[in-house]
Every structure is written in C-alpha cells, then in structure tokens.
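As structure tokens, the structure follows; a few thoughts come after it.
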Amino acid sequence: MEASLVVKAIILNRDLRKLLLIQRSATDVSGAGTWEGVGGSIEPGESPEEAILREVREEVGIEDIAIERLAYTSLCHGDEPMLIIAYLCSTQSQTVRLSDEHQAWRWADKQTCRELLPEAIWRDFERHGVFEQLNFI
C-alpha cells in the first residue's frame, strides 16, 4: 500500500505571537469538527512548496504567506497511510477567509494549541521543537 503525500503549514503571525488553527466543517466525512493547520494533498506536477501556497490561499485566503523552513515530517499509519511534510510559515495578515471545508479559525498560543489540537499534532510540535522555534515561552 502506498502512502499519500500531504503538506501542512504551521502559520505564525509574529506580531500576535500565535499560530493559525482552523476547524474542519461539522459535515466533513473525515475529522469533522477537529482543529488543525492548513494543508492538503499535493496535486500532480506540483512541488510541496507550491502546494502549501495554494492550500493557504484556498483554505484561509491569505496571500502574504512566507515559507520559512521545513518544520518536520511525519508518517501516519492507518487504513490510509500519509507522509506529512510540515512547513513553518509566517504571515503579517490577521484576517482569515475560510473555505467551505472549515467552520472556524483562531490565532492560538501554545496553551490553546494544546487544548484544541489532537494530541498527536501537539505532541509532534513538542517533539520537533515547533513551539520553541516560534519563540513561545
């Protein structure tokens, strides 16, 4: 069985010192109502970086996104295994325009990330030093 390739953006607003989290639509067949970062599958002919920029525009309407560095990769096992490539990104924008895939958004500090994100995600953040890279105290 092959793993699908997925990109995720860990979007930081340095002025706010917070990360952008989005909540999946209540009608989503996979993970309804759960909180996550922006991301999705890489389309044919697209680089991971191109996919991140497209997903950010499509899901949250942010245009001034900067890809700063690779944050980590993670292999999720299960019925449909995924290789996730997570990038640390930044924006000065505070305004979010959600697509129909999501129902809410929030600029979140470290504690809020731990409260809203699934444990597997915030544990990845801790394991890979994401909070420290983002200058959270």
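Remember, predicted model here, so these are calculated numbers, not experimental data.
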- prompt: Can you name the nearest heavy-atom pair linking Ser90 to Arg14, along with the distance?
  reply: CB-NH1, 3.5 Å
- request: Give a yes-or-no answer on whether the side chains of Glu58 and Ser99 include a donor-acceptor pair shorter than 3.5 Å.
  value: no
- line: When every non-hydrogen atom of Ala9 is compared with those of Ile52, the smallest separation belongs to N-CD1, 3.6 Å
message: If the condition is side-chain contact (heavy atoms from CB on, under 4.5 Å), which residues does Leu21 pass it with, not counting sequence neighbours?
response: Trp35, Ala108, Cys113, Leu116, Leu117
field: Residues which pass ring-ring contact (aromatic ring centres under 6.0 Å, His included) with Tyr72, listed by chain and number, not counting sequence neighbours
entry: His128
- prompt: Between Leu75 and Ile42, is there a shared hydrophobic cluster once you connect ILVMFWY residues whose side-chain heavy atoms come closer than 4.5 Å?
  reply: yes
- prompt: In chain order, what residues pass the side-chain hydrogen bond (donor to acceptor under 3.5 Å, both in side chains) check against Glu126, with sequence neighbours excluded?
  reply: Arg114
- prompt: Do Thr73 and Ile84 have side-chain heavy atoms sitting under 4.5 Å apart?
  reply: no
- line: Hits for side-chain hydrogen bond (donor to acceptor under 3.5 Å, both in side chains) against Glu36, two or more places apart or cross-chain, chain-then-number order -> Lys8, Arg24, His102
field: Pair listing, salt bridge (Lys or Arg N to Asp or Glu O under 4.0 Å) test, anchored in residues 81-95, at least two apart
entry: none
task: Rounded to the nearest 0.5 Å, what's the gap from CD on Glu63 to CZ on Arg97? Could you check?
output: 7.0 Å
field: Nearest atoms (heavy-atom pairs only) where Ala26 meets Ala32
entry: O-CB, 3.4 Å
query: How close do Gln92 and Asn13 get, heavy atom to heavy atom, and via which atoms?
result: O-ND2, 3.4 Å
query: Would you say the side chains of Ser25 and Asp28 form a donor-acceptor pair under 3.5 Å?
result: no
task: Check whether any side-chain heavy atom of Val6 sits under 4.5 Å from a side-chain heavy atom of Leu83, and report yes or no.
output: no
query: Which one of Thr95, Ile22, Val38, Val60 satisfies the side-chain contact (heavy atoms from CB on, under 4.5 Å) criterion with Trp105?
result: Ile22
- request: Not counting sequence neighbours, which residues clear side-chain hydrogen bond (donor to acceptor under 3.5 Å, both in side chains) with Glu46? List them please.
  value: Arg54
statement: The reported gap from CG in Asp109 to CZ in Arg17 (rounded to nearest 0.5 angstrom) is 10.0 Å
task: Indicate the atoms forming the closest heavy-atom contact of Ala51 with Val7, along with that distance.
output: CB-CG2, 3.8 Å
message: For Glu68, is the CD atom crowded, meaning more than 12 foreign heavy atoms sit under 6.0 Å from it?
response: yes
message: Please determine whether side-chain contact (heavy atoms from CB on, under 4.5 Å) holds for the pair Leu98 and Glu59, giving the CA-CA distance in whole Å, both sets of side-chain angles, and the decisive distance to 0.1 Å.
response: CA-CA 6 Å; Leu98 289 177; Glu59 292 186 0; over 6 Å; no
- request: Might you work through the side-chain contact (heavy atoms from CB on, under 4.5 Å) test for Trp122 and Val130, ending with a clear yes or no?
  value: CA-CA 9 Å; Trp122 64 257; Val130 169; over 6 Å; no
query: Measuring from Leu53:CG to Glu55:CD, what's the distance to the nearest 0.5 Å?
result: 10.5 Å
- prompt: Are any non-hydrogen side-chain atoms of Lys18 and Leu12 less than 4.5 angstrom apart?
  reply: no
task: Answer whether the closest heavy-atom distance between the side chains of Leu19 and Trp107 falls below 4.5 Å.
output: no
query: Looking at CD1 of Ile121 and CD of Glu119, how far apart are the two atoms once the value is rounded to the nearest 0.5 Å?
result: 11.0 Å
query: Have Asp64 and Thr91 got a donor and an acceptor in their side chains that come within less than 3.5 Å?
result: yes
